[in-house]
Number of protein chains: 4
Amino acid sequence: MPKTKEQNEQLKKERIDSIYRAALYLFATRGFNGVTSDDITNAAKCSHGLLYHYFGSKEELFQHLINDIVLKLDEEITKDVDFTQRPKFLIRDLLNAYLGALKQPRDDYACAIYLLLNLYIQSRFTPKVKKTFKFRIFENIYCTIEEGKKVGEFSDYPTRELTILLLSVLKGLSYNRINLGHKNCIIPRSEIIMKMILKEEGRNA
Amino acid sequence: MPKTKEQNEQLKKERIDSIYRAALYLFATRGFNGVTSDDITNAAKCSHGLLYHYFGSKEELFQHLINDIVLKLDEEITKDVDFTQRPKFLIRDLLNAYLGALKQPRDDYACAIYLLLNLYIQSRFTPKVKKTFKFRIFENIYCTIEEGKKVGEFSDYPTRELTILLLSVLKGLSYNRINLGHKNCIIPRSEIIMKMILKEEGRNA
Amino acid sequence: MPKTKEQNEQLKKERIDSIYRAALYLFATRGFNGVTSDDITNAAKCSHGLLYHYFGSKEELFQHLINDIVLKLDEEITKDVDFTQRPKFLIRDLLNAYLGALKQPRDDYACAIYLLLNLYIQSRFTPKVKKTFKFRIFENIYCTIEEGKKVGEFSDYPTRELTILLLSVLKGLSYNRINLGHKNCIIPRSEIIMKMILKEEGRNA
Amino acid sequence: MPKTKEQNEQLKKERIDSIYRAALYLFATRGFNGVTSDDITNAAKCSHGLLYHYFGSKEELFQHLINDIVLKLDEEITKDVDFTQRPKFLIRDLLNAYLGALKQPRDDYACAIYLLLNLYIQSRFTPKVKKTFKFRIFENIYCTIEEGKKVGEFSDYPTRELTILLLSVLKGLSYNRINLGHKNCIIPRSEIIMKMILKEEGRNA
DNA sequence: GATGAATGAGGTTTCATTCAT
DNA sequence: GATGAATGAAACCTCATTCAT
């Protein structure tokens, strides 16, 4: 009955993790208001009180979820991208990283991407995430496009315009990925998307 | 007799309209679950009893909103598009129609587009819309791309893939438009988006 | 357009009557709390406001219903009974009058009897009927049994006990009559019921 | 661990029981529509949330009440009746069982009998009781009268007619018992009621 | 730590009643 | 007189949160 300290730590970690997993999927699919704390604890197969024991409130759970899980996943997705290469390859690789994450059978990448892109704009009616955190996804793309334009790789449309287009596509695709599932969801190749921002070479139109 | 019949009809219509207007904006910005029925009636400056008098429930209000308002607005947006022209011009004009709607100061077009594109996929956790209705927005684009591919105007990627890309962009943009407002929202030109689906001419790649 | 005074009076009378008819049936079948004012006006095919125009409130409608309709029907049912005859024949005739009323295709007699017998006891949770009125049905039977016992026609059980038995049977039967309808409801002969109160003659037990 | 498991079970049982007790009395005296959920929880001295925690809705509470309590009480009332004896003694004993239950100071027997007899017929406007259950009270009496007629103990009126008479009397008496209380209510002896159905011996007519 | 019974603020819905015409 | 749009008190119900053990 009395477990070792390590066993206890392990158990605790697993429980917290299963709450996170359940919350990530539910918040992404139904939105913060569409999920009850019972939905989460049922999915996580833990008692009602535990969520409050560990997280204090549903809102705090959401905030921890963003800071502890979603941002980690985002880093994980982009960890192999070489940020030192030329802008057009960097953007392509970033896109490939996100699209690759969406293609995987596991749902958490898609959920994380979707929640993150939601947060970027729609913060008014989602619980405030108190701790500051870097919106890597937006900054990365915005800065890279800026640079790419300087070196003549990208078209001359406003950077913000181009960034929003890319993020919209990503958000739309992650949304579809979450709601259609791994099997039914088609994830396009990055080349199609790249066309929107690349400067057209040797064309007449 | 109660007032004149016409006056009564007129009054009733106005009240219903103001409920619809409030509901359209609120549902689009906060999601079905993020809106209380009092939010709506407060915004519409009527008693909450009236909402139930006319619509029966919050859910039925949502359904009526889609059928009576959102689909009308969608038709209105695309009413001047010439559906007989060549696919690549048709898609361009459709895109321009939607982007043009998003550019206008009025919010209802953006709200309608956003709700409609949400419905197309995420029907699981949104109240079911009982009456069947045509998803003009999806069908139009899907069929047109099919034809365009036959006449060699569009790239050879799967039609579904291309359609989803276009709709994702539209959804992302309408989402931004709603949440950033008319002034702060940049709506890109259709040409950039068209690049994703057009067959590249005179290129070797 | 301008009707004559008589026509107007006539119309008014008919409308009030149709409200009464609807209310009588609905109150009897569903109870005061199970009926909405809309149920009544829908059944009476009149506007919502009219009920309040004529009766002031649902509760007042109920009270008027008892005083103006139910007591009238009770009198009508028992109007041919000869109250001067010997108790055992009087009780028999009264029973036959009520049972005869229940046998008729029209529902209003059964509804009236049921409401009346309900009122007799369960006044705590039914709106108070303000105007005093005679509970003919109870008094008639009680007094007659008293007399009958004096002349040795009825058994020696307490009068109250015997009265309650008779009324219980009547109430149960009118309840069945209302809920099963004219066709499906069997109304027993008065003789069976009379056995409960008649003194047994020439028997050894 | 939360309290001891047994304590918890016990506490839960008591709360549920006190809700049942309150509901049984209130539904019987005022009818389903005359009782609010707060009436019940006030009487049971618990929060209204608890009612919904355990029963889901007022309607489900009603259904559980019938299945878990009312039918149990009915069995309890008739548990000592010898169902193997001759019909006329069986009916007498059944009657005595019910009348005996009505005579007791506790109200729950009367409430249970009343609700049960109500259900037998008036199912239209009472919430539907989904689980099927045996109407012991009706079946017992109907079948026994049938048999009794075969062996010549009961009068030759239709069985259904006789059954309804008996049940009407029981319903009327339980109704009175509930509304007048233990002290003020006279419960007649079964002999009087038996007279309605017994074949008259040694008489001419 | 962990549980789940219990609470009550607040959301959803109903419906008796009012009132301008 | 008659209508029916409109109101809001009060019912029903949900769910985030607390707490004793």
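No experiment lies behind these values; they were computed from the predicted model shown. Letters A, B, ... are given to chains in the order of the sequence lines, protein chains preceding strands, and every chain is numbered from 1.
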Legend entry - Interface residues of residues 46-53 of chain C with DNA chain F (non-hydrogen, below 4.0 angstrom): C:Ser47, C:His48, C:Gly49, C:Leu50, C:His53

Inset, instruction - Could you check B:Lys58 against D:Tyr54 and say which one's nearest nucleotide on DNA chain E is further toward the 5' end? - result: D:Tyr54

Inset, instruction - Round to the nearest Å and state the distance from D:Phe55 atom CZ to E:dA6 atom P. - result: 11 Å

Legend entry - Spacing of A:Asp17 atom CG and A:Leu24 atom CG [to the nearest 0.5 Å]: 11.0 Å

Inset, instruction - Can you tell me the distance, in whole Å, between the CD atom of D:Glu9 and the P atom of E:dG4? - result: 10 Å

Inset, instruction - For C:Lys45 and F:dA2, give me the distance from atom NZ to atom C1', rounded to whole Å. - result: 18 Å

Inset, instruction - In whole angstrom, give the distance that lies between atom CD of B:Gln10 and atom P of F:dA5. - result: 14 Å

Inset, instruction - Would you check, one step at a time, whether the test side chain to side chain donor-acceptor pair (under 3.5 Å) holds for A:Tyr25 with A:Asp108? - result: CA-CA 7 Å; A:Tyr25 182 75; A:Asp108 55 354; over 6 Å; no

Inset, instruction - Could you pick out which residue, A:Ser57 or D:Gly56, lies toward the 5' side of DNA chain F when each is mapped onto its nearest nucleotide? - result: D:Gly56

Inset, instruction - Using whole Å, report how far CG of C:Asp38 lies from C1' of F:dA6. - result: 13 Å

Inset, instruction - Write down the distance between CD1 (D:Ile40) and C1' (F:dC13), rounded to a whole number of angstrom. - result: 13 Å

Inset, instruction - Examine E:dG1: is either OP1 or OP2 under 4.0 Å from a nitrogen or oxygen in the side chain of A:Lys12? Give yes or no. - result: yes

Inset, instruction - Answer with yes or no whether the side chains of D:Ser37 and D:Tyr52 bring together a donor and an acceptor at under 3.5 Å. - result: yes

Inset, instruction - Using the six-membered ring wherever Trp is involved, compare the ring planes of A:Phe27 and A:Phe62 and label them parallel, tilted or perpendicular (cut-offs 30° and 60°). - result: perpendicular

Inset, instruction - Could you give me the stems involving DNA chain F, meaning stretches of three or more consecutive Watson-Crick or G-U wobble pairs whose two defining distances are both below 3.5 Å? - result: E:2-21 with F:2-21

Inset, instruction - With heavy atoms under 4.0 Å as the rule, sort A:Ser37 into base, sugar-phosphate or nothing. - result: base

Inset, instruction - Look at the side-chain N and O atoms of C:Arg15 and state whether any lies under 4.0 Å from the OP1 or OP2 oxygen of F:dA2. - result: yes

Legend entry - A:Asn33 CG - F:dA16 C1' separation (whole Å): 12 Å

Legend entry - Axial cation check for A:Phe32 ring with A:Lys58, 6.0 Å and 45° limits: yes

